[in-house]
J.: 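Could you have a look at this structure, given as structure tokens, before my questions?
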Amino acid sequence: MKVAGIMSGTSLDGIDVAIIEINESNLTSPNCLYFATYPFEEEVKQRIHDAMSDTSTTPALYSSLHMELGFIFGRCVVKACKEANIPLDELELVGSHGQTVYHLPNPTPSQYLSTLQLGSPAPIAHLTRVPVISDFRSMDMVVGGEGAPLVPYVDHLLYKHEQLNRALQNIGGIGNVTIVSSDNDSEIIAFDTGPGNMIIDRVCERLLAQSYDKNGEWAAKGKVDYQQVNEWLSDDYFLKNPPKSTGREKYGISFTDQWLSERRNSNPEDLIATATYFTAKSIEQSLRMHVLPKAKVDELIISGGGSYNHTLIKMIQQLLPEINVITQEDIGYSSEAKEAIAFAILAYQTFHKRPSNVPSVTRAEKAVILGSVTYPTP
Ligand SMILES: Nc1ncnc2c1ncn2[C@@H]1O[C@H](COP(=O)(O)OP(=O)(O)OP(=O)(O)O)[C@@H](O)[C@H]1O
Ligand SMILES: CC(=O)N[C@H]1[C@@H]2OC[C@@H](O2)[C@@H](O)[C@@H]1O[C@H](C)C(=O)O
């Protein structure tokens with residue numbers, strides 16, 4: 001069946017849509033028919049930022065943005081089908097991740113374990129005329145999980161290698177890693193390694209009026225403040241054993257703006273180099289502390305927009321000389337399409353009433369069927 005996956009990640013760089021052909025015989029190697037990224041309009045991006053901020057959000061904004069994003073996501077799928085020459089009536093299912101505006105994996109005693117992705121499935125089902133699976137994270141949290149990361153299930157399905165132990169490191173807004181061991185019996189290890197491009201992007205936006213450090217060019221010219229990076233890495237999050245997940249709440253705008261206010265006299269290139277090294281070093285430290293004592297890693301396969309940041313990749317390779325650091329493209333996949341494809345596959349599993357969380361990764365008590373189904377009116 002043809003399934004569309006929609007992902008709008010923590011970087012807010014755009015809406016990723018993948019259309020895949022998947023069936024019972026190609027579950028471990030579905031065919032990606034089309035992939036495109038549609039940028040957010042600036043005003044929409046601003047509304048999402050406002051919705052995420054304790055000081056600028058309102059219930060009215062949440063309500064309206066939830067519906068607005070649903071319409072935007074639905075229109076993106078229709079557009080993708082058109083661009084791919086796939087008649088809309090050949091599409092059978094949509095998996096929509098939604099835009100995370102808040103993630104609460106460690107609630108206070110008065111709060112619930114919860115997460116919120118905006119983007120109502122109703123307009124998506126209405127515009128595409130197919131069932132939509134959404135709200136993938138809540139059911140995992142109902143059974144005590146952190147609701148993230150969910151992609152490790154798909155990583156195990158698609159990337160298992162007979163001889164090689166692989167670490168799949170995604171570098172989006174946040175960094176997250178999945179260890180796919182060649183040995184069937186080993187427990188699945190996956191967790192968020194810390195910030196990905198989030199801090200780099202914010203520094204670029206504030207100091208250079210650019211949305212990111214293209215190819216890592218600014219970072220390549222700067223001097224790293226190693227003391228600052230070591231201080232950041234002493235945070236409990238990095239010392240804590242997995243499973244664990246983090247997000248914009250910790251490494252987003254307030255974190256970066258606070259740092260920038262302390263470093264008013266520094267050059268942009270030095271700040272960007274320091275933020276880039278923080279991501280690289282957090283990936284290395286995460287592997288050394290939480291993975292390598294338990295499992296050998298032969299290949300570190302980078303995905304997400306961070307894989308196009310040459311300085312970041314170079315830093316990671318220098319920090320891990322014993323591991324072969326490559327990108328998704330090196331093994332014939334697309335770095336950008338990975339997460340949208342993953343949510344199409346998760347939707348397919350839910351549609352067939354199959355569980356697709358990994359309890360050892362999210363801390364859930366058990367495997368559960370993820371998501372809610374919204375049907376279009378016939
Ligand atoms: N050519 C490039 N050079 C450097 N960085 C790049 C390049 N292209 C993309 N990026 C970085 O990748 C980011 C987008 O990555 P991606 O789309 O994987 O994130 P996301 O899916 O939003 O995040 P997450 O996976 O955390 O949900 C951009 O914000 C930018 O920082
Ligand atoms: C709550 C949320 O949206 N988490 C994202 C985020 O972006 C990366 C990392 O933090 C990961 O935990 C997760 O996304 C991927 C797609 C996942 O669930 O595997």
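Remember, predicted model here, so these are calculated numbers, not experimental data. Just follow the structure's listing: the first ligand is 1, and inside any ligand the first atom is 1.
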J.: May I ask you to decide whether Asp298 forms a salt bridge with Arg166, counting only side-chain N to carboxylate O separations under 4.0 Å?
T.: no
J.: Strictly below 4.0 Å, N to O, side chains only: are Glu92 and Lys2 in salt-bridge contact?
T.: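 No, this pair does not count.
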J.: Between Arg75 and Glu41, does at least one N-O distance fall below 4.0 Å, as a salt bridge requires?
T.: no
J.: Taking it one step at a time, do Asp270 and Arg263 satisfy salt bridge (Lys or Arg N to Asp or Glu O under 4.0 Å)?
T.: CA-CA 10 Å; Asp270 292 349; Arg263 299 293 148 105; over 6 Å; no
J.: Nearest to atom 14 (O) of ligand 2, what protein heavy atom do you find, and at what distance?
T.: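 Here the closest protein heavy atom is Arg137 NH2, 3.2 Å.
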J.: Using only atom types and a distance under 3.5 Å, with no angle test, would you say the side chain of Asn357 pairs donor to acceptor with the backbone of Val368?
T.: yes
J.: Could you tell me whether Glu339 and ligand 2 have an N or O pair separated by under 3.5 Å?
T.: no
J.: Quick one: nearest non-hydrogen protein atom to atom 17 (O) of ligand 1, plus distance?
T.: Asp13 OD2, 3.1 Å
J.: With respect to Asp16, determine whether any N or O atom, backbone or side chain, lies less than 3.5 Å from an N or O atom of ligand 1.
T.: no
J.: Taking only heavy atoms of Gly306 into account, list the atoms of ligand 1 that are under 4.0 Å away from them.
T.: 12 (O)
J.: For Arg137, is there an ion pair with Glu146 - N to carboxylate O distance below 4.0 angstrom?
T.: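 No, no charged N to carboxylate O under 4.0 Å.
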J.: Which atoms of ligand 1 sit under 4.0 Å from any heavy atom of Gly172?
T.: 15 (O), 16 (P), 18 (O), 19 (O), 23 (O), 24 (P), 25 (O), 26 (O)
J.: According to the interplanar angle, ranging from 0 to 90°, do the rings of Trp259 and Trp232 count as parallel (below 30°), tilted (30 to 60°) or perpendicular (above 60°)?
T.: perpendicular
J.: Note the single closest protein heavy atom to atom 13 (C) of ligand 1, along with its residue, its atom name and the distance in Å.
T.: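 Looking only at protein heavy atoms, the one closest to atom 13 (C) of ligand 1 is Asn197 ND2, 3.5 Å.
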J.: If you have a sec, work out which protein heavy atom is nearest atom 31 (O) of ligand 1 and how many Å separate them, to one decimal?
T.: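 Minimum-distance protein heavy atom for atom 31 (O) of ligand 1 reads Asp201 OD1, 2.6 Å.
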J.: Relative to atom 3 (N) of ligand 1, which among Thr311, Asn215, Leu312, Asn309 owns the nearest non-hydrogen atom?
T.: Asn215
J.: Please work out whether any backbone atom (N, CA, C, O) or any side-chain heavy atom from C-beta onward of Pro149 is under 4.0 Å from ligand 2, and answer side chain, backbone, both or neither.
T.: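 The answer is both, backbone and side chain.
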J.: If we only consider heavy atoms of Gly196, is any one of them less than 4.0 Å away from an atom in ligand 1?
T.: no
J.: Can we say Arg202 and Glu205 salt-bridge, meaning some charged N sits less than 4.0 Å from an Asp/Glu carboxylate O?
T.: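 Answer for the salt bridge query: yes.
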J.: Is Gly304 close to ligand 1, meaning an N/O of one under 3.5 Å from an N/O of the other?
T.: no
J.: What atoms in ligand 2 come closer than 4.0 Å to a heavy atom of Leu150?
T.: 17 (C), 18 (O), 19 (O)
J.: Taking 4.0 angstrom as the limit and counting only heavy atoms of Ala148, give me the atoms of ligand 2 inside it, by number and element.
T.: 12 (O)
J.: So, do Phe278 and Ile199 sit near enough that their side-chain heavy atoms are less than 4.5 Å apart?
T.: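 They are in contact (side-chain heavy atoms under 4.5 Å apart), so the answer is yes.
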J.: Which residue owns the protein heavy atom closest to atom 26 (O) of ligand 1, what's the atom, and how far is it?
T.: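 The answer is Thr10 OG1, 2.6 Å.
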J.: Indicate whether the side chain of Ser307 and that of Ser335 have a donor and an acceptor atom separated by less than 3.5 Å.
T.: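 Yes - a donor-acceptor pair under 3.5 Å links their side chains.
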J.: Identify, for atom 6 (C) of ligand 2, the protein heavy atom at the shortest distance, and state residue, atom and that distance.
T.: Thr10 CG2, 3.8 Å
J.: Would Asp192 count as being in polar contact with ligand 2, using the rule that some N or O on each side must be under 3.5 angstrom apart?
T.: yes
J.: Measure the CD-OG1 distance between Gln227 and Thr274 for me, rounded to the nearest 0.5 Å.
T.: 11.5 Å
J.: Where does Val151 meet ligand 2, judged by heavy-atom distances below 4.0 Å: at the side chain, the backbone, both, or neither?
T.: both
J.: So which heavy atom in the protein is nearest atom 8 (C) of ligand 2, and how far is it from that ligand atom?
T.: Asn176 OD1, 3.7 Å
J.: Give me the nearest non-hydrogen protein atom to atom 21 (O) of ligand 1 as residue plus atom name, then the distance to 0.1 Å.
T.: Glu339 OE1, 3.4 Å
J.: Rounded to the nearest 0.5 Å, how far does OG1 of Thr276 lie from NZ of Lys314?
T.: 12.5 Å
J.: Could an N or O of ligand 2 be found under 3.5 Å from any N or O of Thr100, whether backbone or side chain?
T.: yes
J.: Is Gly173 close to ligand 1, meaning an N/O of one under 3.5 Å from an N/O of the other?
T.: yes
J.: Between Lys244 and Tyr237, is NZ or CZ placed under 6.0 angstrom from the six-membered ring centre and within 45° of the ring axis?
T.: yes
J.: Counting heavy atoms not belonging to Asp183, are there more than 12 under 6.0 Å from its CG?
T.: yes
J.: Heavy atoms only: which of Ser307, Ser11, Gly305 is nearest to atom 20 (P) of ligand 1?
T.: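 Selected option, by shortest heavy-atom distance: Ser11.
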J.: Test side chain to side chain contact (heavy atoms under 4.5 Å, CB included) on Val44 and Leu69; report intermediate values, then the result.
T.: CA-CA 9 Å; Val44 179; Leu69 288 176; 4.0 Å; yes
J.: Look at atom 4 (C) of ligand 1 and say which protein heavy atom is nearest, naming residue and atom and giving the distance to 0.1 Å.
T.: Asp213 O, 3.1 Å
J.: Return the closest protein heavy atom for atom 7 (C) of ligand 1 as residue, atom name and distance.
T.: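 Checked against all protein heavy atoms, atom 7 (C) of ligand 1 sits closest to Tyr212 CE1, 3.4 Å.
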J.: Any atoms of ligand 2 less than 4.0 Å from a non-hydrogen atom of His103? List them with their elements.
T.: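 Under 4.0 Å from His103, ligand 2 has these atoms: 1 (C).
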